[in-house]
Every structure is written in C-alpha cells, then in structure tokens.
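Atom set for the values below is all heavy atoms of this structure, side chains included, hydrogens, waters and symmetry mates excluded.
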Amino acid sequence: MKRYLISLLALTLALVLASFVVMWTMPQYYLPVMPLLALYFGVVCGLQHWIVTRAMYRSPKTFIQMFLGSVIGVLFIHIAVLAVYLFTHPSHARLFTIAFSIGYAVSLVFETVALVRFVNRERIKSQNN
C-alpha cells in the first residue's frame, strides 16, 4: 500500500503541476478549480483502491461485489460532481468538462494498472505459500 500511495501522490502532484502549466502558458483556458480536480481524483482513486484491496482478502464473491460496487459508486459520484458544477457554472462548462475528462481518464488508467499489479502480486504470494 505504501508504494501505491507514493505513486498516487506523484500522480496527483503531476496533475496539479499540469494545471499550473495551463495557467502559465494558456491563461484563457485555466479554471481555478483545475488543481482541486487533481486532488479530488486523487482522493477518490485512493478510497476506491483501499476498498477494493481490503475486499481482496475476503471471499472471491465479496471481492467481485465490492469491486463492481465501487466502480458504479465512483461513476455516480463523478456524474454528480460534473452535473453540479455544470449547473452552477454554465459559462465554464466546456473547459471544466475537458479538464474533468482528462482527470478521469488519467485516474482510470492509473487505478486499473494499480489493481492489476496488486492482484498479480497477491497471486504470486499465494502460489509461493
């Protein structure tokens, strides 16, 4: 878990830095909420990983239920955050949707790779014991 948290922190800092690069190079496309999006995706990604990895040590049925439940729950949370922002700030809808989509894609790829690595490590551990 320590390696995962360090990787997640590095990803979050990279996304924050990317938002500041947008602020410095293309200020007309910058929204003050962009660095907060990086933090949002970092927290959601970390919580989802924690829930799924804890379920891995239980039965396979529980793992599958928790994995699918967390994926669906996170999707609903993302849709709610996106909808609330779009309704409260309609003038920034396009920029926010693009920034949100980039953050979502990056966090989805990161979490998928992290879960595949975790499952492979656990499988190797169980085969060695």
Side-chain angles (χ1 to χ4, degrees):
M1 188 74 173
K2 182 179 176 183
R3 186 183 332 186
Y4 172 79
L5 290 176
I6 291 170
S7 299
L8 182 61
L9 179 63
L11 175 73
T12 303
L13 291 176
L15 287 175
V16 169
L17 183 64
S19 69
F20 287 134
V21 167
V22 170
M23 178 179 72
W24 294 320
T25 59
M26 299 176 286
Q28 70 273 19
Y29 296 119
Y30 177 75
L31 293 175
V33 75
M34 284 180 181
L36 296 175
L37 276 176
L39 297 174
Y40 162 77
F41 282 113
V43 168
V44 170
C45 208
L47 286 174
Q48 182 182 14
H49 185 81
W50 181 74
I51 289 169
V52 171
T53 56
R54 294 294 168 234
M56 176 102 178
Y57 298 112
R58 299 180 193 152
S59 70
K61 179 183 175 185
T62 303
F63 170 73
I64 291 172
Q65 288 174 343
M66 292 302 289
F67 175 74
L68 293 176
S70 71
V71 168
I72 291 170
V74 166
L75 284 175
F76 279 122
I77 290 170
H78 290 333
I79 289 171
V81 167
L82 189 59
V84 166
Y85 191 87
L86 294 181
F87 285 127
T88 58
H89 300 86
S91 61
H92 303 140
R94 184 181 310 153
L95 288 176
F96 183 79
T97 303
I98 291 169
F100 193 89
S101 299
I102 290 170
Y104 175 72
V106 169
S107 68
L108 179 67
V109 168
F110 175 79
E111 187 60 30
T112 302
V113 169
L115 282 175
V116 167
R117 284 182 169 174
F118 179 78
V119 168
N120 286 339
R121 267 189 306 233
E122 291 300 312
R123 188 175 341 146
I124 290 170
K125 270 188 206 176
S126 68
Q127 288 174 355
N128 289 337
N129 291 335

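Cluster annotation: Leu17 is not connected to Ile6 through the hydrophobic network of ILVMFWY side chains, with a link wherever side-chain heavy atoms come within less than 4.5 Å. Taking hydrophobic clusters as Ile, Leu, Val, Met, Phe, Trp and Tyr residues chained together by side-chain heavy-atom distances below 4.5 Å, Leu36 shares a cluster with Met34. The same ILVMFWY cluster, assembled from side-chain heavy atoms under 4.5 Å apart, contains both Leu95 and Val22. Under the 4.5 Å side-chain heavy-atom criterion for Ile, Leu, Val, Met, Phe, Trp and Tyr, Phe118 and Ile64 are members of the same hydrophobic cluster. Phe87 and Val33 fall into different hydrophobic clusters, defined by Ile, Leu, Val, Met, Phe, Trp and Tyr side-chain heavy atoms under 4.5 Å apart, directly or through other members.
Contact of the Cys45 side chain with the Leu8 side chain is registered, since non-hydrogen atoms from C-beta on lie closer than 4.5 Å. Counting heavy atoms from C-beta on, the side chains of Phe20 and Tyr30 come closer than 4.5 Å. You'll find the side chain of Leu11 stays beyond 4.5 Å of the side chain of Phe41, heavy atoms only. Using a 4.5 Å cut-off on side-chain heavy atoms (C-beta onward), Val52 and Met66 make no contact. When side chains are defined from C-beta on, Phe100 counts as touching Val81, because their heavy atoms get closer than 4.5 Å.
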Using the rule given for side chain to side chain donor-acceptor pair (under 3.5 Å), can you reason through Arg123 versus Asn120, listing the C-alpha separation, both sets of side-chain angles and the distance that settles it, and then say yes or no?
CA-CA 5 Å; Arg123 188 175 341 146; Asn120 286 339; 3.0 Å; yes
Apply ring-ring contact (aromatic ring centres under 6.0 Å, His included) to Tyr4 and His49, showing your working.
CA-CA 9 Å; Tyr4 172 79; His49 185 81; 3.6 Å; yes
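Smallest separation of non-hydrogen atoms from Leu37 and Ala99: CD1-CB, 3.9 Å. When all heavy atoms of Val16 and Ala38 are compared, the closest pair comes out as CG2-CB, 3.6 Å. In terms of heavy atoms, Thr25 sits closest to Val21 at OG1-O, 2.7 Å.
Residues satisfying the side-chain hydrogen bond (donor to acceptor under 3.5 Å, both in side chains) criterion with Ser59, sequence neighbours excluded, are Thr62. Contacts of Tyr85 classified as side-chain hydrogen bond (donor to acceptor under 3.5 Å, both in side chains), with partners at least two apart in sequence or in another chain: none. In this structure, the side-chain hydrogen bond (donor to acceptor under 3.5 Å, both in side chains) partners of Tyr40, at least two apart in sequence or on a different chain, are His78.
The distance from the CG atom of Leu86 to the CD1 atom of Ile79 is 11.5 Å, given to the nearest 0.5 Å. The line from CD of Gln28 to CE of Met23 is 13.0 Å long, rounded to the nearest 0.5 Å. Rounding to the nearest 0.5 Å places OG of Ser101 at 12.0 Å from CG of Leu108. Leu39 CG to Leu15 CG: the interatomic distance, rounded to the nearest 0.5 Å, is 9.5 Å. Here the CD-CG distance, from Gln48 to Leu115, works out to 7.0 Å after rounding to the nearest 0.5 Å. With rounding to the nearest 0.5 angstrom, the OG atom of Ser7 is 7.0 Å from the CZ atom of Arg117.
Screening Leu75, Leu82, Val109 for a side-chain contact (heavy atoms from CB on, under 4.5 Å) with Tyr104, the sole residue that qualifies is Leu75.
Around CZ of Arg3, the count of heavy atoms belonging to other residues, nucleotides or ligands within 6.0 Å does not exceed 12. By the neighbour-count criterion of 12 heavy atoms within 6.0 Å, atom CZ of Phe67 is sparsely surrounded, having that number or fewer from other residues, nucleotides or ligands. No more than 12 heavy atoms of other residues, nucleotides or ligands lie within 6.0 Å of CZ in Arg94, so this atom counts as exposed by the packing criterion.
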